[in-house]
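Positions are given from 1 along the sequence. Values below: every heavy atom of this structure, side chains too, minus hydrogens, waters and symmetry copies.
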Amino acid sequence: MTAQVATLLAILAAMSVSFFAELLPISFTALMVPVALQATGILKPAQAWGGFANTTIITWYGLFIIGGAFVKTTFTNKIKHFVNRNAQGSSVRVTLMVLIACSVIGMMTSAGGTIALLSPLLLEICKDTGMDPKKLFKPTADVCNWASVQMFPIGGSIAYFMWFNSYLEQTGSPLRYGLFDFTFIKFPMWLILVAYYLFTSRGQKLKSESVAEVAEAAKPARYTPKEEKVIVTIFFLNVILMVVASMTKIIAPYLVSLFFAAVIMGKGYLTEKEAFQSISWQTVFLVAGTLPLATAINVSGTSEWMVGLVQQMFPSMTNPVVLATAFAVISMVVTQFMSNLAVWAVFGPIAASMAVSLGMDPRLVLAGVGVGSIICFATPMAAPAPAYAYSAAGFKMKEYIKMGWFPCVLMTVVFVLWAPLVLNWLY
């Protein structure tokens, strides 16, 4: 272990303790991460602060502003009344409608973008129905995150499919994943995750529709009918064009959201103060501050140290299910503190090469990394969507961990039991 590896591990430990014990505000702790990475010389300034220029963060700025204007229209009242009418007093029905809608949008765009765009509406639904925001935002972030990565070969998931096949190609193996292999693995697991969160959402007493309608009717309209039509059109057109941009790569999705946000500001639908207030700055600092950790893990040699550690732990394995389980558990744990893409980059090549060298089918073992890294439910640092859910719903760290640890264990166990069966059937 080199000095830089030891230093980075110390920074990770200090960050984790501060986050979990809530010794300092979470935004301050996250902001100190790039400070520490630059001060210790692990990263150059541009690398340490690159998280604030990340395209996900830039996309969020536009989405926050668009959502901030949209939620002030009377159109959102129609959505909330639709939810109330179809919920029939059931928090389970509300949760199911939200999870399905966000999963569909997330598959075509991204989980973080979906939560950022729809969170103002979700907060209004919670206020309107009386649901606990924590019991709606946490399931929505987790389920949407799961659906948005490799559940169906749509949008960015096609690139991920090609990425994983490149790992197999680099090992010299003739084996490849089929286009729907991860769908067969992940979609049934999505159903189980949805069922679990529907179970946990039971028992919440909702407000009656009549009470909610009277309260909304008493509020004066912010915009004229013409202005409302423009804002609603911007909202849905932004979703459509971001889907097209994500699939075709003709233009960066963040340019779409920023353009429409500029239109909203230019037309005066939000004041400058309202636009700034619509942005969840705690989420921005949390994600942007911790994003450079992935870069630090690579440039400091920590990734090589971790790979060596894994190789020492499993020098001669004969059972592919056990090896896939090991990589799934390791990836699940590590991804709570770094992005799933970084986990893939670190453990994907070593999982594939170890499986081939041991005479195993590498597809199951590599799937352990692919799926384990998406089981990012235990901490808000795990992915952009959980980070936003943490901030928007007003979680405490202990509350978030308490709600998130069991789904992590559940989905890991389901993968270990289900993936070998379905891949054995496919191959």
Side-chain angles (χ1 to χ4, degrees), residues 67 70-71 73-108 111 114-148 151 186-219 232 235-236 239 377 385-386 388-396 399-411 414:
F70 179 71
V71 78
T73 66
T74 58
F75 185 85
T76 57
N77 295 338
K78 298 176 183 179
I79 298 176
K80 290 183 290 184
H81 296 160
F82 172 84
V83 172
N84 257 322
R85 285 194 299 270
N86 289 275
Q88 299 177 4
S90 169
S91 56
V92 174
R93 286 175 177 264
V94 174
T95 304
L96 179 60
M97 286 187 281
V98 171
L99 294 185
I100 291 176
C102 288
S103 292
V104 171
I105 298 174
M107 282 189 294
M108 295 183 289
T114 300
I115 302 300
L117 183 64
L118 298 182
S119 60
L121 179 59
L122 296 181
L123 286 172
E124 287 296 315
I125 289 175
C126 290
K127 181 180 177 182
D128 206 47
T129 60
M131 283 191 65
D132 183 351
K134 297 172 184 175
K135 290 188 176 182
L136 186 62
F137 269 88
K138 183 70 170 70
T140 302
D142 292 349
V143 170
C144 185
N145 205 64
W146 185 266
S148 67
M151 193 167 83
K186 292 197 64 179
F187 181 66
M189 295 178 70
W190 177 84
L191 294 174
I192 291 174
L193 186 62
V194 169
Y196 168 75
Y197 275 126
L198 292 179
F199 179 80
T200 61
S201 69
R202 297 171 308 144
Q204 299 183 67
K205 186 176 180 181
L206 305 188
K207 297 178 183 177
S208 65
E209 182 187 356
S210 58
V211 172
E213 287 181 342
V214 169
E216 290 296 336
K219 295 182 179 179
V232 172
F235 180 86
F236 287 105
V239 174
F377 312 143
Y388 194 81
Y390 177 91
S391 176
F395 273 99
K396 297 292 185 183
E399 293 175 325
Y400 198 94
I401 296 172
K402 184 178 180 180
M403 287 187 67
W405 74 267
F406 184 78
C408 287
V409 174
L410 173 66
M411 296 299 277
V414 171

List in chain and number order the residues that pass salt bridge (Lys or Arg N to Asp or Glu O under 4.0 Å) with Lys135, two or more places apart in sequence or in another chain; answer none if no residue qualifies.
-> none
Do the side chains of Pro139 and Leu99 get nearer than 4.5 Å, heavy atoms only?
-> yes
Just by distance, do the side chain of Thr73 and the backbone of Phe70 share a donor-acceptor pair under 3.5 Å?
-> yes
Partner set under side-chain contact (heavy atoms from CB on, under 4.5 Å) for Ala393, not counting sequence neighbours = Pro133, Lys134, Phe137, Phe395
Are any non-hydrogen side-chain atoms of Tyr400 and Trp405 less than 4.5 angstrom apart?
-> no
Measure the shortest side-chain to side-chain distance between Glu399 and Lys396 over non-hydrogen atoms and say whether it is less than 4.5 angstrom.
-> yes
May I ask you to test the Cys102-Val98 pair for a side-chain heavy-atom distance under 4.5 Å?
-> yes
Considering non-hydrogen atoms only, spot the tightest contact between Ser119 and Ala116 and give its length.
-> OG-O, 3.3 Å
To the nearest 0.5 Å, atom OG1 of Thr129 lies from atom CZ of Arg93 at 14.5 Å
Residues forming a side-chain contact (heavy atoms from CB on, under 4.5 Å) with Ala147, sequence neighbours excluded | Ser103, Met107, Met151, Trp190
Salt bridge (Lys or Arg N to Asp or Glu O under 4.0 Å) with Lys138: which residues, sequence neighbours excluded?
-> Asp142
Heavy atoms, side chains only, cut-off 4.5 Å: are Leu193 and Met411 in contact?
-> yes
When you look at Phe187 and Trp146, which way does the side-chain contact (heavy atoms from CB on, under 4.5 Å) test go after all the steps?
-> CA-CA 9 Å; Phe187 181 66; Trp146 185 266; over 6 Å; no
Side-chain donor-acceptor pair present, Thr95, Tyr197, cut-off under 3.5 Å | no
Backbone of Asp132 reached by a side-chain donor or acceptor of Gln204 within 3.5 Å | yes
Determine the minimum heavy-atom distance between Ser148 and Gly106, stating which atoms define it.
-> CB-O, 3.3 Å
is_close_aromatic(Tyr196, Phe406), centroid dist under 6.0 Å | yes
Output for pair (Leu136 CG, Leu122 CG), nearest 0.5 Å, gives 5.5 Å
Across all chains, not counting sequence neighbours, the side-chain contact (heavy atoms from CB on, under 4.5 Å) partners of Val92 are Ser90, Leu198, Ser201, Arg202
Please list, chain by chain and in numerical order, all residues satisfying side-chain contact (heavy atoms from CB on, under 4.5 Å) with Pro120, sequence neighbours excluded.
-> Val71
